[in-house]
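What follows is a short report on a single structure.
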Amino acid sequence: MSKQLCTGLALLAVAICGSNVAAEGKFQRLNAGQIRAKLAGMELTDNVHWRDLYQGNGTIMSTSMGRKRTGKWRVEQNQLCIEFEKEPIPKCYDVWVSGKEVELRREGLLPLQGTLEPPTGRN
């Protein structure tokens, strides 16, 4: 392999790794107060399959693949906890935000990624 090709591949690898680190670095973890302020009255959606409306009174209205559910949301120990009817065990997530982009992260699982927007009335 030529020296120029090796140098080019090395630069490409650095650029790819660097862009992933930069993209990941934009996200910031929210604390309890920030989670409440950011989510209350807003919708989190992937704009295709699901959308969740976080009402200010702690109610969540979710539509996923045509299925509607309601439940409760709250903040505990700097995590968003969601409990749907007929699912008595709440699921809690760390909330990471970059602009309108949100990631709900749980240990051992891929993050749930969505966009935060004002309610559209589509729920």
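The figures here come from the full heavy-atom set of this structure, side chains too, leaving out hydrogens, waters and symmetry mates.
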Between the main-chain N or O of Asn31 and the side-chain N or O of Gln34, is there a donor-acceptor pair closer than 3.5 Å?
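Yes; judged by distance alone, with no hydrogens or angles, the pair exists.
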Do the side chain of Thr45 and the main chain of Trp50 share a donor and acceptor less than 3.5 angstrom apart?
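A pair under 3.5 Å: yes.
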Should Met61 and Leu116 be counted in the same cluster of Ile, Leu, Val, Met, Phe, Trp and Tyr side chains packed under 4.5 Å apart?
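No; Leu116 is not reachable from Met61 via cluster members.
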Joint hydrophobic cluster, Ile35 plus Phe27, side-chain heavy atoms closer than 4.5 Å
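Ile35 does not cluster with Phe27.
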On a heavy-atom basis, which atom in Gly56 and which in Ala40 lie closest, and how many Å separate them?
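For Gly56 versus Ala40, the nearest heavy atoms are CA-CB, 4.2 Å.
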I need the minimum non-hydrogen distance between Met42 and Pro118, along with the two atoms involved.
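Between these two residues, the closest heavy atoms are CE-N, 3.6 Å.
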Answer yes or no: is there a side-chain heavy-atom contact under 4.5 Å between [X] and [Y]?
X      : Y      : answer
Lys38  : Leu30  : yes
Leu104 : Leu44  : yes
Ile60  : Leu53  : no
Trp96  : Arg29  : yes
Trp73  : Asp52  : no
Arg51  : Glu117 : yes

Separation between CG of Leu80 and OH of Tyr54, rounded to the nearest 0.5 Å
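Taking CG in Leu80 and OH in Tyr54, the distance rounds to 5.0 Å.
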Separation between SG of Cys92 and CD of Gln79, rounded to the nearest 0.5 Å:
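Cys92 atom SG to Gln79 atom CD measures 5.5 Å (nearest 0.5 Å).
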Side chains of Glu43 and Thr120, donor plus acceptor under 3.5 Å
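There is such a pair between these side chains.
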Ionic contact status for [Y] with [X], cut-off 4.0 Å:
X     : Y      : answer
Asp94 : Arg105 : no
Glu87 : Arg69  : yes
Arg74 : Glu83  : yes

Got a list of side-chain donor-acceptor pairs under 3.5 Å for residues 106-115, not counting sequence neighbours?
residue: Gln113; atom: NE2; partner: Glu103; partner atom: OE2; Å: 2.9
residue: Thr115; atom: OG1; partner: Glu101; partner atom: OE2; Å: 3.4

